[in-house]
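The figures here come from the full heavy-atom set of this structure, side chains too, leaving out hydrogens, waters and symmetry mates.
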Amino acid sequence: MLAPNPGPSSPTPTDYFQSPDVSAICDTDVVCSRVFEWTNNQWLANSSYVIIVKPLRIIGIILIAMLIRWLLHRAIDRLTHTSSRASMPALLRPLREKVTATAEDGQFIPERRRQRAEAIGSVLRSFVSAVVFTMAALLVFGELGFNLGPLLASAGIVGVALGFGAQSLVKDLIAGLFMLLEDQYGVGDTVDVGEATGVVETVGLRITTIRDARGVLWYIRNGEIVRVGNKSQGWAMVVIDIPIGFVNSEQAIAVLREAAQAVAELPDHQTEFLEPPDVVGVEQLTVDGATIRTIAKTTADGQVTVQRELRRALTEALEASGLSERIAASRLLPRGAVPPAYLGNSGNDQQPGGAS
(Lines give C-alpha, C1' and ligand atoms only; values in the text may rest on other atoms or scores of the structure.)
Protein backbone atom coordinates (compact mmCIF):
# COMPACT_ATOMS: atom_id res chain seq x y z
CA MET A 1 0.00 0.00 0.00
CA LEU A 2 1.39 3.25 -1.03
CA ALA A 3 1.73 5.95 1.57
CA PRO A 4 -0.40 8.94 0.93
CA ASN A 5 1.41 11.85 -0.61
CA PRO A 6 1.61 14.46 2.04
CA GLY A 7 0.16 17.74 0.98
CA PRO A 8 1.51 21.11 1.82
CA SER A 9 1.88 21.55 5.57
CA SER A 10 -0.23 24.12 7.35
CA PRO A 11 1.50 27.50 7.92
CA THR A 12 3.02 28.19 11.30
CA PRO A 13 3.43 31.61 13.06
CA THR A 14 7.08 31.55 12.21
CA ASP A 15 6.16 31.67 8.55
CA TYR A 16 4.53 35.09 9.06
CA PHE A 17 6.90 36.63 11.61
CA GLN A 18 10.55 36.42 10.89
CA SER A 19 12.68 36.91 13.98
CA PRO A 20 15.27 39.63 13.41
CA ASP A 21 18.86 38.81 13.70
CA VAL A 22 19.62 40.49 17.01
CA SER A 23 23.30 39.77 16.77
CA ALA A 24 23.46 41.65 13.45
CA ILE A 25 21.50 44.58 14.84
CA CYS A 26 23.64 44.85 17.96
CA ASP A 27 26.93 44.60 16.13
CA THR A 28 27.39 48.38 16.32
CA ASP A 29 25.94 48.84 19.82
CA VAL A 30 28.00 47.47 22.68
CA VAL A 31 25.23 47.92 25.25
CA CYS A 32 22.69 46.15 23.04
CA SER A 33 24.95 43.18 22.41
CA ARG A 34 25.86 42.86 26.08
CA VAL A 35 22.21 42.97 27.18
CA PHE A 36 21.32 40.30 24.63
CA GLU A 37 24.17 38.10 25.83
CA TRP A 38 23.17 38.49 29.47
CA THR A 39 19.38 38.18 29.12
CA ASN A 40 18.89 36.49 25.71
CA ASN A 41 15.87 38.84 25.42
CA GLN A 42 15.41 40.39 22.00
CA TRP A 43 13.04 43.20 23.10
CA LEU A 44 15.18 44.17 26.06
CA ALA A 45 18.27 44.22 23.85
CA ASN A 46 16.59 46.41 21.23
CA SER A 47 15.22 48.75 23.92
CA SER A 48 18.43 48.91 25.93
CA TYR A 49 19.31 52.39 24.64
CA VAL A 50 15.96 53.83 25.71
CA ILE A 51 15.50 52.08 29.05
CA ILE A 52 19.13 51.89 30.14
CA VAL A 53 21.43 54.31 28.33
CA LYS A 54 19.19 57.38 28.32
CA PRO A 55 18.20 57.15 32.01
CA LEU A 56 21.84 56.63 32.94
CA ARG A 57 22.85 59.67 30.88
CA ILE A 58 20.12 61.80 32.47
CA ILE A 59 21.14 60.67 35.95
CA GLY A 60 24.77 61.39 35.08
CA ILE A 61 23.91 64.90 33.86
CA ILE A 62 22.00 65.63 37.08
CA LEU A 63 24.78 64.28 39.30
CA ILE A 64 27.47 66.21 37.42
CA ALA A 65 25.37 69.42 37.65
CA MET A 66 24.95 68.94 41.41
CA LEU A 67 28.68 68.29 41.78
CA ILE A 68 29.59 71.44 39.81
CA ARG A 69 27.10 73.49 41.81
CA TRP A 70 28.54 72.16 45.10
CA LEU A 71 32.10 72.95 44.04
CA LEU A 72 31.20 76.48 42.93
CA HIS A 73 29.22 77.14 46.12
CA ARG A 74 32.14 75.92 48.19
CA ALA A 75 34.51 78.23 46.32
CA ILE A 76 32.14 81.17 46.85
CA ASP A 77 31.82 80.36 50.57
CA ARG A 78 35.61 80.20 50.96
CA LEU A 79 35.90 83.50 49.12
CA THR A 80 33.31 85.27 51.26
CA HIS A 81 34.57 83.86 54.56
CA THR A 82 37.88 85.64 54.09
CA SER A 83 36.03 88.95 54.65
CA SER A 84 36.75 88.80 58.38
CA ARG A 85 40.51 88.84 57.77
CA ALA A 86 42.66 91.89 57.28
CA SER A 87 43.22 91.08 53.60
CA MET A 88 40.18 91.23 51.35
CA PRO A 89 39.97 89.47 47.97
CA ALA A 90 39.91 91.91 45.08
CA LEU A 91 36.55 90.52 43.94
CA LEU A 92 34.83 91.55 47.16
CA ARG A 93 36.75 94.79 47.64
CA PRO A 94 34.67 97.93 46.98
CA LEU A 95 35.47 99.64 43.70
CA ARG A 96 36.70 102.76 45.43
CA GLU A 97 39.12 100.68 47.56
CA LYS A 98 40.61 99.08 44.46
CA VAL A 99 41.86 102.52 43.46
CA THR A 100 43.05 103.85 46.81
CA ALA A 101 43.33 102.30 50.24
CA THR A 102 44.29 104.04 53.47
CA ALA A 103 45.35 102.71 56.83
CA GLU A 104 42.31 104.25 58.50
CA ASP A 105 39.90 102.09 56.51
CA GLY A 106 41.11 98.96 58.25
CA GLN A 107 39.68 100.13 61.57
CA PHE A 108 36.04 100.03 60.48
CA ILE A 109 35.60 97.39 57.79
CA PRO A 110 35.59 93.90 59.42
CA GLU A 111 31.90 93.67 60.39
CA ARG A 112 30.81 95.77 57.44
CA ARG A 113 32.74 93.60 55.01
CA ARG A 114 31.29 90.45 56.54
CA GLN A 115 27.71 91.65 55.99
CA ARG A 116 28.49 92.80 52.47
CA ALA A 117 30.33 89.59 51.62
CA GLU A 118 27.36 87.53 52.78
CA ALA A 119 25.02 89.52 50.56
CA ILE A 120 27.30 89.21 47.52
CA GLY A 121 27.84 85.52 48.27
CA SER A 122 24.09 84.91 48.35
CA VAL A 123 23.69 86.61 44.97
CA LEU A 124 26.59 84.64 43.46
CA ARG A 125 25.23 81.33 44.78
CA SER A 126 21.79 82.02 43.35
CA PHE A 127 23.30 82.99 40.00
CA VAL A 128 25.48 79.88 39.87
CA SER A 129 22.56 77.60 40.75
CA ALA A 130 20.37 79.15 38.04
CA VAL A 131 23.05 78.84 35.34
CA VAL A 132 24.10 75.27 36.22
CA PHE A 133 20.58 73.88 36.51
CA THR A 134 19.43 75.68 33.36
CA MET A 135 22.21 74.09 31.34
CA ALA A 136 21.51 70.71 32.92
CA ALA A 137 17.80 71.01 32.07
CA LEU A 138 18.64 71.78 28.43
CA LEU A 139 20.90 68.73 28.23
CA VAL A 140 18.18 66.55 29.76
CA PHE A 141 15.61 67.84 27.26
CA GLY A 142 18.07 67.01 24.49
CA GLU A 143 18.40 63.44 25.78
CA LEU A 144 14.62 63.10 25.85
CA GLY A 145 14.44 64.02 22.17
CA PHE A 146 13.13 67.57 22.40
CA ASN A 147 14.13 69.97 19.64
CA LEU A 148 16.03 72.67 21.53
CA GLY A 149 15.96 75.17 18.63
CA PRO A 150 12.28 76.19 18.96
CA LEU A 151 12.56 75.92 22.74
CA LEU A 152 15.46 78.38 22.90
CA ALA A 153 13.72 80.69 20.43
CA SER A 154 10.57 80.68 22.58
CA ALA A 155 12.63 81.32 25.70
CA GLY A 156 14.29 84.28 23.98
CA ILE A 157 10.95 85.77 22.99
CA VAL A 158 9.62 85.32 26.54
CA GLY A 159 12.77 86.96 27.91
CA VAL A 160 12.40 89.98 25.64
CA ALA A 161 8.73 90.31 26.62
CA LEU A 162 9.57 90.11 30.31
CA GLY A 163 12.36 92.63 29.82
CA PHE A 164 9.99 95.19 28.30
CA GLY A 165 7.25 94.47 30.82
CA ALA A 166 9.47 94.55 33.89
CA GLN A 167 11.86 97.39 33.14
CA SER A 168 11.55 98.83 36.64
CA LEU A 169 12.35 95.43 38.17
CA VAL A 170 15.44 95.05 35.99
CA LYS A 171 16.47 98.60 36.90
CA ASP A 172 16.09 97.84 40.61
CA LEU A 173 18.12 94.63 40.34
CA ILE A 174 20.96 96.28 38.41
CA ALA A 175 21.06 99.22 40.82
CA GLY A 176 21.10 96.85 43.80
CA LEU A 177 23.94 94.82 42.29
CA PHE A 178 26.12 97.89 41.71
CA MET A 179 25.20 99.17 45.18
CA LEU A 180 26.63 95.97 46.67
CA LEU A 181 29.73 96.01 44.48
CA GLU A 182 30.47 99.66 45.26
CA ASP A 183 29.65 99.23 48.98
CA GLN A 184 27.53 102.37 49.11
CA TYR A 185 25.86 101.36 52.40
CA GLY A 186 25.21 98.31 54.54
CA VAL A 187 23.08 97.03 57.40
CA GLY A 188 23.43 99.30 60.44
CA ASP A 189 24.54 102.39 58.50
CA THR A 190 22.84 105.72 59.03
CA VAL A 191 21.99 107.04 55.58
CA ASP A 192 20.13 109.91 53.94
CA VAL A 193 18.42 108.91 50.69
CA GLY A 194 16.23 111.96 50.27
CA GLU A 195 12.81 111.60 51.84
CA ALA A 196 13.97 108.90 54.26
CA THR A 197 16.82 109.26 56.74
CA GLY A 198 17.61 106.58 59.26
CA VAL A 199 19.31 103.26 59.95
CA VAL A 200 19.49 100.60 57.24
CA GLU A 201 17.86 97.37 58.46
CA THR A 202 17.96 95.16 55.36
CA VAL A 203 19.73 95.39 52.02
CA GLY A 204 18.52 93.42 49.01
CA LEU A 205 18.93 93.45 45.27
CA ARG A 206 15.54 95.09 44.79
CA ILE A 207 14.50 96.68 48.09
CA THR A 208 16.32 98.53 50.87
CA THR A 209 14.53 99.09 54.20
CA ILE A 210 15.37 102.08 56.41
CA ARG A 211 14.06 102.82 59.92
CA ASP A 212 13.91 106.56 60.63
CA ALA A 213 14.17 108.34 63.99
CA ARG A 214 10.39 108.09 64.59
CA GLY A 215 10.35 104.35 64.07
CA VAL A 216 8.81 104.39 60.58
CA LEU A 217 10.09 101.59 58.33
CA TRP A 218 10.67 102.77 54.76
CA TYR A 219 10.77 100.34 51.83
CA ILE A 220 12.80 101.95 49.05
CA ARG A 221 13.39 100.47 45.61
CA ASN A 222 17.05 100.54 44.70
CA GLY A 223 16.28 101.89 41.23
CA GLU A 224 14.60 104.97 42.77
CA ILE A 225 17.61 105.96 44.91
CA VAL A 226 19.30 108.84 43.10
CA ARG A 227 21.84 109.79 45.76
CA VAL A 228 22.90 108.41 49.14
CA GLY A 229 24.46 110.23 52.05
CA ASN A 230 26.18 107.67 54.29
CA LYS A 231 26.84 108.96 57.81
CA SER A 232 28.42 105.72 59.07
CA GLN A 233 31.04 104.92 56.46
CA GLY A 234 34.69 105.51 57.22
CA TRP A 235 35.37 108.45 59.50
CA ALA A 236 33.29 111.45 60.58
CA MET A 237 33.96 115.07 61.41
CA VAL A 238 32.60 116.85 64.48
CA VAL A 239 32.14 120.60 64.00
CA ILE A 240 31.07 122.80 66.93
CA ASP A 241 30.59 126.57 66.66
CA ILE A 242 30.44 128.51 69.95
CA PRO A 243 29.59 132.24 70.05
CA ILE A 244 31.83 134.17 72.45
CA GLY A 245 30.44 137.66 72.03
CA PHE A 246 33.05 140.43 72.20
CA VAL A 247 35.40 138.83 74.73
CA ASN A 248 39.06 138.28 73.99
CA SER A 249 39.17 135.63 71.26
CA GLU A 250 42.71 134.46 72.09
CA GLN A 251 41.73 133.78 75.68
CA ALA A 252 38.59 131.93 74.63
CA ILE A 253 40.51 129.81 72.08
CA ALA A 254 43.06 128.80 74.73
CA VAL A 255 40.30 127.74 77.16
CA LEU A 256 38.41 125.77 74.49
CA ARG A 257 41.58 124.07 73.19
CA GLU A 258 42.51 122.88 76.67
CA ALA A 259 39.01 121.51 77.30
CA ALA A 260 38.89 119.70 73.95
CA GLN A 261 42.29 118.12 74.57
CA ALA A 262 41.12 116.90 77.97
CA VAL A 263 38.15 115.15 76.36
CA ALA A 264 40.42 113.43 73.83
CA GLU A 265 42.58 112.05 76.65
CA LEU A 266 39.67 110.44 78.50
CA PRO A 267 39.92 106.60 78.45
CA ASP A 268 36.25 106.25 77.44
CA HIS A 269 36.70 108.43 74.33
CA GLN A 270 40.36 108.01 73.49
CA THR A 271 39.74 105.34 70.84
CA GLU A 272 36.99 107.40 69.19
CA PHE A 273 39.36 110.19 68.13
CA LEU A 274 41.30 109.59 64.93
CA GLU A 275 43.12 112.92 65.24
CA PRO A 276 43.52 115.30 68.18
CA PRO A 277 40.72 117.91 68.33
CA ASP A 278 41.60 121.40 67.23
CA VAL A 279 40.18 124.86 67.82
CA VAL A 280 40.69 126.46 64.43
CA GLY A 281 39.85 130.00 65.55
CA VAL A 282 37.28 132.65 64.68
CA GLU A 283 34.92 131.23 62.08
CA GLN A 284 32.40 134.06 61.85
CA LEU A 285 31.98 137.66 63.00
CA THR A 286 28.49 139.15 63.37
CA VAL A 287 26.85 142.02 65.21
CA ASP A 288 26.55 139.68 68.22
CA GLY A 289 30.28 138.99 68.30
CA ALA A 290 32.67 136.30 67.18
CA THR A 291 32.07 132.57 66.75
CA ILE A 292 34.83 130.06 67.55
CA ARG A 293 34.91 126.73 65.66
CA THR A 294 36.17 123.47 67.15
CA ILE A 295 36.68 120.38 64.94
CA ALA A 296 37.53 116.75 65.66
CA LYS A 297 38.00 113.75 63.37
CA THR A 298 36.33 110.70 64.90
CA THR A 299 35.06 107.26 64.02
CA ALA A 300 31.64 107.11 62.40
CA ASP A 301 30.11 105.24 65.33
CA GLY A 302 31.52 107.65 67.90
CA GLN A 303 30.58 110.90 66.19
CA VAL A 304 27.40 111.59 68.17
CA THR A 305 28.96 110.64 71.52
CA VAL A 306 32.05 112.75 70.93
CA GLN A 307 30.00 115.71 69.75
CA ARG A 308 27.85 115.71 72.89
CA GLU A 309 30.85 115.26 75.18
CA LEU A 310 32.74 118.10 73.50
CA ARG A 311 29.79 120.45 73.79
CA ARG A 312 29.46 119.67 77.48
CA ALA A 313 33.18 120.08 78.14
CA LEU A 314 33.50 123.33 76.17
CA THR A 315 30.48 124.87 77.90
CA GLU A 316 31.78 123.93 81.35
CA ALA A 317 35.24 125.26 80.48
CA LEU A 318 33.85 128.68 79.50
CA GLU A 319 31.82 128.81 82.70
CA ALA A 320 34.74 127.75 84.90
CA SER A 321 37.03 130.36 83.37
CA GLY A 322 34.50 133.13 83.95
CA LEU A 323 34.20 133.90 80.24
CA SER A 324 30.53 132.90 80.09
CA GLU A 325 29.55 135.83 82.36
CA ARG A 326 31.54 138.26 80.23
CA ILE A 327 29.96 136.80 77.08
CA ALA A 328 26.48 137.29 78.50
CA ALA A 329 27.32 140.84 79.64
CA SER A 330 28.67 141.79 76.24
CA ARG A 331 25.56 140.48 74.48
CA LEU A 332 23.17 142.24 76.91
CA LEU A 333 25.01 145.59 76.92
CA PRO A 334 22.49 148.24 75.74
CA ARG A 335 23.54 150.08 72.62
CA GLY A 336 22.12 153.24 71.16
CA ALA A 337 20.21 153.09 67.92
CA VAL A 338 21.66 156.46 66.72
CA PRO A 339 25.27 157.48 66.15
CA PRO A 340 27.13 158.91 69.19
CA ALA A 341 27.87 162.11 67.27
CA TYR A 342 24.15 162.79 67.04
CA LEU A 343 23.72 162.21 70.77
CA GLY A 344 26.53 164.66 71.59
CA ASN A 345 24.85 167.55 69.74
CA SER A 346 21.74 167.54 71.91
CA GLY A 347 21.19 167.81 75.61
CA ASN A 348 17.65 166.45 75.63
CA ASP A 349 16.90 163.37 77.75
CA GLN A 350 15.26 161.57 74.82
CA GLN A 351 16.49 161.49 71.26
CA PRO A 352 14.55 160.32 68.24
CA GLY A 353 15.06 156.60 67.82
CA GLY A 354 17.56 156.42 70.68
CA ALA A 355 17.61 154.82 74.14
CA SER A 356 16.42 156.93 77.06
Problem set entry | Atom CE of M237: over 12 foreign heavy atoms under 6.0 Å | yes
Problem set entry | Over 12 non-hydrogen atoms of neighbours within 6.0 angstrom of CD in E319 | no
Exercise. Within a strict 4.5 Å, meaning less than it, do heavy atoms of the I207 and I220 side chains meet?
Worked result: no
For this session: Decide yes or no for T208 and T202: does some side-chain heavy atom of the first lie under 4.5 Å from some side-chain heavy atom of the second?
Result: no
Exercise. Looking only at side chains, do T298 and H269 share a donor and an acceptor under 3.5 Å apart?
Worked result: no
For this session: Report yes or no: do V226 and V191 belong to one cluster of Ile/Leu/Val/Met/Phe/Trp/Tyr joined by side chain heavy-atom distances under 4.5 Å?
Result: no
For this session: Can you see which heavy atom on A260 is nearest to which on T294, and at what distance?
Result: CB-CG2, 4.4 Å
Exercise. Shared ILVMFWY cluster between W218 and V199, side chains joined below 4.5 angstrom?
Worked result: no
Exercise. Cut-off 3.5 Å, side chains only: do T291 and D241 have a donor facing an acceptor?
Worked result: no
Problem set entry | Heavy-atom pair with the smallest gap, counting every atom of A313 and V263 | CB-CG2, 3.3 Å
Exercise. At their closest point, which heavy atom of A264 faces which heavy atom of F273, and how far apart are they?
Worked result: CA-CE1, 3.6 Å
Exercise. What are the two closest non-hydrogen atoms of A290 and V282, and how far apart are they?
Worked result: CB-CG1, 4.0 Å
Exercise. Which heavy-atom pair separates S168 from R221 by the least distance, and what is that distance?
Worked result: CB-NH2, 3.3 Å
Exercise. In Å, rounded to the nearest 0.5 Å, how long is the span from CD1 of I62 to CZ of R57?
Worked result: 14.5 Å
Exercise. Is the CD atom of E201 crowded by more than 12 outside heavy atoms at less than 6.0 Å?
Worked result: yes
Seminar exercise, completed: When every non-hydrogen atom of L318 is compared with those of S321, the smallest separation belongs to O-OG, 3.0 Å
Exercise. Any luck finding a side-chain donor-acceptor pair between D172 and N222 under 3.5 Å?
Worked result: no
Exercise. Without hydrogens or angle criteria, can the side chains of T190 and Y185 be said to hold a donor-acceptor pair below 3.5 Å?
Worked result: no
For this session: Answer yes or no: is there a donor N or O on one side and an acceptor on the other, between the side chain of T305 and the main chain of G302, under 3.5 Å?
Result: no
Problem set entry | pair V238-Q303: side-chain heavy atoms closer than 4.5 Å | yes
